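Below is one structure, written out as structure tokens; the observations come after it.
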2 protein chains.
Amino acid sequence: MNYNLPLDRNFVGSEAKIEDLKCHPPHPIETEHLEKFSGQILSSEKAQRMAEFFSLLGDSNRLRILSVLARQELCVCDLAATLDMSESAVSHQLRTLRVMRLVSYEKKGRKVFYRLQDHHVLKLYQSVAEHLDETD
Amino acid sequence: MNYNLPLDRNFVGSEAKIEDLKCHPPHPIETEHLEKFSGQILSSEKAQRMAEFFSLLGDSNRLRILSVLARQELCVCDLAATLDMSESAVSHQLRTLRVMRLVSYEKKGRKVFYRLQDHHVLKLYQSVAEHLDETD
DNA sequence: TGAATATCTGAAAGGATTTTCAGTAATTAA
DNA sequence: TTAATTACTGAAAATCCTTTCAGATATTCA
């Protein structure tokens, strides 16, 4: 991703109630403001857990794995062949998805079949897919 | 396995070819199934765009920035003070959020006030927050 | 039994991302 | 006008992630 859009520095400033928020001297006024809703700011701990969840879906190969498993359960080697990934890479990603309880598995002979476990992600997936369709 | 969700338009794909599958012996039953769905796998291009979107939410500091902006617009230095981040780090993150059109900004004097632009993310945000509350 | 297959694993390589650092520019205050 | 404040930026440092590589184990097949 390349984010190289310059900020528009010729922005026409509008009249504002700057007295509401002043950074200096060290935030006497807005500190009160911030305290008012500080109890509603996402805690670092919860932010971390949410970020981990979103990050799970933040990899194209993991998304493709999930999209295939949404259709049918598959063994590792079929997943690898279907997605054109190495079996080792697929296995590593499946472990991540396994640990985070997004997929479950069942061993059959020397193969291991994986399937979706968390159907909640499908709704997120669909929601974002539609969103991207809209804004394109 | 079909979970009966209208996902078909999300699966624009051509990557699954039965002859690519290399499990030995190839599974007769699964192979038939795969053929049925082979045109519906998430394409690499779309997977990439979806992954970029999810990755945006896959950082705890970006999530905390969004959670604060969900309550009120704020300038960079107040964001930095509130979130205990350097102003530079906040500025870098705001740029990515800006480029991806999740926030907009307005310059007032020497301050730049940021606010949420894409309220779609709030729904995703709340959805995952609730999900994590459930499963804890 | 020995060979082939399927999967998993840790470590290292190779990338990508995030923060810090140092500097610049614009605006305001003294 | 000069100093202070606010925000942005590129480059480097520090982190984090993903894949490859080189085995290891278990299962099936001939």
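Keep in mind that what you see is a predicted model, and the values were worked out from it rather than measured. So that the names make sense, note that chain A is the first sequence line, chain B the second, and so on, each numbered from 1.
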Rounded distance in Å - [atom1] ([X]) to [atom2] ([N]):
{"X": "A:Leu56", "N": "D:dC16", "atom1": "CG", "atom2": "P", "value": "17 Å"}
{"X": "A:Ile65", "N": "D:dT18", "atom1": "CD1", "atom2": "P", "value": "11 Å"}
{"X": "B:Asp59", "N": "D:dA14", "atom1": "CG", "atom2": "P", "value": "20 Å"}
{"X": "A:Glu106", "N": "C:dA6", "atom1": "CD", "atom2": "P", "value": "18 Å"}
{"X": "A:Asp84", "N": "D:dT19", "atom1": "CG", "atom2": "C1'", "value": "13 Å"}
{"X": "A:Glu52", "N": "D:dC16", "atom1": "CD", "atom2": "P", "value": "12 Å"}
{"X": "B:Lys111", "N": "D:dA4", "atom1": "NZ", "atom2": "P", "value": "18 Å"}
{"X": "B:Leu57", "N": "C:dT18", "atom1": "CG", "atom2": "P", "value": "12 Å"}

Listed pairs under 3.5 Å, donor-acceptor, residues 56-63 of chain A side chains, sequence neighbours left out:
from: A:Asp59; atom 1: OD2; to: A:Asn61; atom 2: N; distance (Å): 3.0
from: A:Asp59; atom 1: OD2; to: A:Arg62; atom 2: N; distance (Å): 3.0
from: A:Ser60; atom 1: OG; to: B:Gln48; atom 2: OE1; distance (Å): 3.3
from: A:Asn61; atom 1: OD1; to: A:Arg64; atom 2: NH2; distance (Å): 3.3
from: A:Arg62; atom 1: NE; to: A:Leu56; atom 2: O; distance (Å): 2.7
from: A:Arg62; atom 1: NH1; to: A:Gln93; atom 2: OE1; distance (Å): 2.9
from: A:Arg62; atom 1: NH2; to: A:Ser55; atom 2: O; distance (Å): 3.0

Note, A:Leu124 side chain near A:Val128 side chain (heavy atom, < 4.5 Å): no
Flag side-chain contact, heavy atom, 4.5 Å: A:Leu66 against B:Leu42: no
Would you say [X] places a side-chain N or O within less than 4.0 Å of OP1 or OP2 belonging to [N]?
{"X": "A:Asn61", "N": "D:dC17", "result": "no"}
{"X": "B:Tyr114", "N": "D:dT6", "result": "no"}
{"X": "B:Gln93", "N": "C:dT19", "result": "yes"}

When every nucleotide of nucleotides 20-27 of chain D is labelled 5' to 3' by its protein contacts under 4.0 Å (heavy atoms), B for base, S for sugar-phosphate only, - for none, what sequence of letters results? BB----SB
Out of D:dT19, C:dG10, D:dG10, minimum distance to the side chain of B:Arg95 belongs to D:dG10
Determine which pairs satisfy ring-ring contact (aromatic ring centres under 6.0 Å, His included) with at least one residue from residues 78-104 of chain A, sequence neighbours left out, and list them in order. none
Which residues pass the ring-ring contact (aromatic ring centres under 6.0 Å, His included) test with A:Phe53, sequence neighbours left out? B:His131
Going by the rule side-chain hydrogen bond (donor to acceptor under 3.5 Å, both in side chains), which residues pair with B:Glu87 if we only count those two or more places apart in sequence or in a different chain? none
Salt bridge (Lys or Arg N to Asp or Glu O under 4.0 Å) partners for B:Arg115, two or more places apart: B:Glu73, B:Glu106
Could you tell me whether A:Tyr105 contacts a base, only the sugar-phosphate backbone, or nothing, with contacts defined as non-hydrogen atoms closer than 4.0 Å? nothing
Let me spell it out: for each of B:Leu94 and A:Ser55, pick the nucleotide of DNA chain D with the closest heavy atom. Which residue's pick is nearer the 5' end? B:Leu94
